Amino acid sequence: MITAKDLIGNEDLEYAISIRRELHRSPELGFDLPQTVALVKRELEKMGIDWIDSYAPCSVAGYIGQGTTTIGLRADMDALPVQEKTGLPFASNIPGRMHACGHDAHTAILLALARALKRNEDKLGVRVKLLFQPSEECETSGAKAMLEGGAVDDVDCVVCTHCLDSQRSGNIGYHFGHYMAACDPVTITFLGKTAHATMPEKGIDAIAMAYEAMGEMKQIAAQVAGERTYIFSYGFIQGGTAHNVIADQCTLKVSFRYFDMEMAKEIKERCIAACEKIATQIGGSVEIDWKMSAPPVYNDNALTESFVRSVRKIIPEKLEEVPLRNSTEDFAWFLTKKPGFIFRFGTNHPEKGCTGSLHGNDFVIDEDSMLSAILAFAQFVMDCSDTAKE
């Protein structure tokens, strides 16, 4: 029986490393990815794969193979506003920008996989849809934009991978069911009236409103959540202009993470009501921007089990179950329409100096780890083919 190891070799890893380094030198942000998109289109054209760029700004898609089943494979492409301090010879040449979350590796892996699958297209009994996504790191989700543009309308399932800095290089991580949290970025602005600090009765103190609201919202979240997992963290507070002026404005920013949608709805409604009540009691007003940037990631159990069986065929020693995470992945938007899962590939290799944390300015991956991800993707695709089911 032919396996992914028969189709993919060191030349595919070398190709992925080359592409990853080219991307790493020129990181781009959000939906503004002209160089990255040009590289992806260039490589697809070399492979003889027609591309589509109409699903969302700076998105790219393409097809390989034929079959009654279509598998969507997604890679995110954007970087972070971080000043790189790795000292790598191929470090970012754009000040204040860095591929500090491994999206350069994700894109390189999908291109290397596409190259290998296209080379062996006659052996595939399934259609693969490549999905290169912008703006995973921003509040405005590229996955949601592609979803709304119809990117996964014609797929049966959708799969992605993400590097994991805490996992041993080359290991493949899986998790059944709920895996990553939903995220609500919340901005609350209290509005009051300025006055001299010695005559507070003539003003309306926006900072006092914010201070009271912070304690009230924390209590609400804890009370509603009970034993259920959640995060309700204040990451930003700004108000006032001088020590002797009552502030007429104070803004809070909250990161709310959760897995239970009904719980989150109740917390949101009660927190909004509490903020409005506090503002009214003090004599001011409040403006609230509360939205969901990504829902929870739910890994389909049956598909995840199929993936685990596939990986056991080729690299069983590298498989490991990974724990629940409170971090967020906008890939979850695709999963609101089609079943799928995300798997991890470890990049941690202390002997090579690959120990930095995701989103850190010293984040370095072990590039050899990409081969495991390519193999895992490929074996799953091969096992989903129509001929494999017969």
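Remember, predicted model here, so these are calculated numbers, not experimental data.
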| message | Among residues at least two apart in sequence or on other chains, which ones pass salt bridge (charged side-chain N to carboxylate O under 4.0 Å, His left out) with E28? | response | none

| task | Indicate the ring-plane relationship of F341 and F343, choosing parallel, tilted or perpendicular according to the 30° and 60° boundaries. | result | tilted

| request: Take the angle between the ring planes of H99 and H103 and call it parallel below 30°, perpendicular above 60°, tilted in between. | output: tilted

| message | Ignoring hydrogens and geometry beyond distance, is a side-chain donor-acceptor pair present between T189 and T251 at under 3.5 Å? | response | yes

| message | Is it the case that the side chains of Q223 and R270 hold a donor-acceptor pair, with the cut-off being a distance below 3.5 Å and no angle test? | response | yes

| said: I'd like to know if the side chain of R20 and the backbone of D104 have a donor-acceptor N/O pair within less than 3.5 Å. | reply: no

| said: I need the L117 CG to L113 CG distance, nearest 0.5 Å. | reply: 4.0 Å

| Could you give the distance from OG (S285) to CG (L191), rounded to the nearest 0.5 Å? | 4.0 Å

| said: Using the rule given for side-chain contact (heavy atoms from CB on, under 4.5 Å), can you reason through M214 versus L252, listing the C-alpha separation, both sets of side-chain angles and the distance that settles it, and then say yes or no? | reply: CA-CA 8 Å; M214 288 175 73; L252 299 175; 3.6 Å; yes

| said: Run the side-chain contact (heavy atoms from CB on, under 4.5 Å) test on F345 and N171 for me, step by step, so that the C-alpha distance in whole Å, both residues' side-chain angles and the decisive distance to 0.1 Å come before the verdict. | reply: CA-CA 6 Å; F345 69 100; N171 281 11; over 6 Å; no

| said: Walk me through whether Y211 and D205 qualify under side-chain contact (heavy atoms from CB on, under 4.5 Å). | reply: CA-CA 10 Å; Y211 178 78; D205 193 342; over 6 Å; no

| message | Under 6.0 Å between ring centres: does that hold for F256 and F232? | response | yes

[atom1] of [X]: more than 12 outside heavy atoms within 6.0 angstrom?
X	atom1	answer
D50	CG	no
K352	NZ	yes
K277	NZ	no

